[in-house]
Enquirer: 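What follows is a single structure, and I will ask about it in a moment.
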Amino acid sequence: MKILSVNCGSSSLKFQMYEMPEEKVLISGVFERIGIGESFYTIKFNGEKTKVEATLDNHKTAFEILIKELLDRKVVANLDEIKGIGHRVVQGGTYFDKTVVVDEDVLAKIEELCVLAPLHNPAAIIGINAAKEVVPGAVQTVVFDTAFHQTMAEENYLYALPYDWCEKYRIRRYGAHGTSHKYITKRMSELLNRDDLKLIICHIGNGASISAVKDGKCVNTSMGLTPNAGLIMGSRCGDIDATILTYLMDKENISAKEMDRILNKESGLLGISGVSSDSRDIEDGIAAGNVRCELAQTMYVKRIVDYIAKYYVELEGCDAIVFTAGVGENSKNTRMQVMERLAVLGIKPDSEANDVRGEERVITATDSTVPCYIVPTDEEVMIARDTYELI
Ligand code: AMP
């Protein structure tokens with residue numbers, strides 16, 4: 001059965017088509033700069049990558065081109081072969097704790113939740129509607145980034161604000177990256193052959209979050225009402241004293257919207273280093289003796305360690321610490337620095353084992369109290385799996 005995993009951003013559409021249940025990737029790609037000019041798409045097929053410039057006025061056009069590519073390359077013989085299309089949606093609020101099939105009510109709820117994810121949920125709705133028009137026969141599903149975190153207890157998801165505000169405006173910790181945290185949870189159960197695990201999962205990419213997972217369920221997670229909470233990220237500040245905002249808005253005479261942009265786009269590694277949001281550039285800067293890059297990296301690592309320590313206590317120990325996503329999978333330096341700072345817990349890195357990129361393996365010595373792992377994440381396959389199961 002052929003299933004398409006789709007991830008729509010405001011100006012992008014990433015896709016991966018699977019043969020299920022084998023989980024074989026048949027074709028993948030990304031449409032970029034949709035609706036903003038100079039648009040193009042890249043496709044990976046049969047080990048070859050092609051880049052094509054194309055006019056992409058909207059997501060429907062992108063879907064139409066995608067379908068044409070699938071037919072031209074004979075990935076499918078006709079549209080009826082595409083049995084399901086799974087869409088990634090960032091915010092499912094308290095409505096959704098699992099993947100569901102799209103209907104009018106589901107769409108209305110995603111729409112209603114746009115206030116909580118103004119950059120992401122509208123793009124998903126556009127993607128769902130475009131897919132419905134272009135492939136009307138396929139079952140459409142929605143996979144929520146927040147769903148995996150719905151098992152948190154009230155004391156972990158509530159903020160200490162006036163309670164009626166929390167209720168009225170649905171202010172609470174929702175978390176994000178849930179599809180990735182769920183994938184890693186499942187993979188660790190397979191690797192350790194047990195479901196009753198206590199895991200600390202570090203999804204450290206451009207966006208970054210850590211989750212504490214017990215018996216397959218999320219106990220706590222570092223992202224909050226929005227994805228700008230918890231860890232220091234590429235250009236997001238993560239946790240800060242909330243009163244800094246009102247102070248700075250007053251001093252700099254800037255609007256809430258502008259403040260929001262600065263906290264999301266000009267902070268984090270970029271804000272401190274003044275160089276880049278990309279951890280590769282930070283590492284290059286450190287090698288060149290840039291002290292602000294060094295400071296940014298020290299703060300970045302420290303925040304990860306703070307969260308691991310917090311969750312280690314909350315879980316009363318743990319069976320494994322897992323690194324995943326762009327930095328977690330690829331940066332041996334960041335992993336090493338985190339593990340070295342955890343020596344007090346009896347964690348002993350194995351520098352030779354850690355000297356890899358994107359490979360699933362243990363990176364601690366055999367006498368480490370807690371093993372640390374690299375496990376490459378795969379959010380797209382989770383979307384395909386959920387969609388296949390629902391069909
Ligand atoms: P993601 O958001 O998971 O796609 O992660 C993207 C981020 O991973 C990039 O912005 C980089 O900061 C980081 N990254 C990718 N490759 C490397 C690498 N070899 N070394 C350090 N960081 C990397």
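Worth knowing before you read on, the calculation uses all heavy atoms, side chains too, and leaves out hydrogens, waters and symmetry mates. Start at 1 and go down the list; that is how both ligands and their atoms are numbered.
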Enquirer: Please indicate, with yes or no, if any protein heavy atom is found under 4.0 Å from atom 22 (N) of ligand 1?
Expert: yes
Enquirer: Can K109 be said to sit on top of Y95's aromatic six-ring, NZ or CZ under 6.0 Å from centre and within 45° of the ring axis?
Expert: yes
Enquirer: Quiz question: by atom type and distance under 3.5 Å, do the side chains of T334 and Q297 form a donor-acceptor pair?
Expert: yes
Enquirer: So is G326 polar-close to ligand 1, meaning N/O to N/O under 3.5 Å?
Expert: yes
Enquirer: Using distance alone, determine whether S279 and ligand 1 share an N or O pair under 3.5 Å.
Expert: yes
Enquirer: Is it true that N156 and E314 share a donor-acceptor pair across their side chains at a distance under 3.5 Å?
Expert: yes
Enquirer: Any idea which atoms of ligand 1 are less than 4.0 Å away from a heavy-atom of R357?
Expert: 19 (N)
Enquirer: Can you figure out which of D281, L269, D278 has its heavy atom closest to atom 10 (O) of ligand 1?
Expert: D278
Enquirer: Can you tell me if T387 and T141 form a side-chain donor-acceptor pair at under 3.5 Å?
Expert: yes
Enquirer: Quick one: which of I321, I304, I201, D306 gives a side chain to side chain contact (heavy atoms under 4.5 Å, CB included) with I210?
Expert: I304
Enquirer: Mark up the atoms of ligand 1 that fall under 4.0 Å of a heavy atom belonging to V327, in ascending order.
Expert: 8 (O), 12 (O), 13 (C)
Enquirer: Between R280 and E283 (salt bridge meaning N to carboxylate O under 4.0 Å), is one present in this structure?
Expert: no
Enquirer: For atom 20 (N) of ligand 1, which protein heavy atom lies nearest, and how many Å away is it?
Expert: R280 CG, 3.5 Å
Enquirer: If the plane angle is over 60° it's perpendicular, under 30° parallel, otherwise tilted; pick one for H177 and H181.
Expert: tilted
Enquirer: Which of the numbered atoms in ligand 1 are below 4.0 angstrom from a heavy atom of G205?
Expert: 1 (P), 2 (O), 3 (O), 5 (O)
Enquirer: Provide the number and element of each atom of ligand 1 under 4.0 Å from a heavy atom of N206.
Expert: 1 (P), 2 (O), 5 (O), 6 (C), 7 (C)
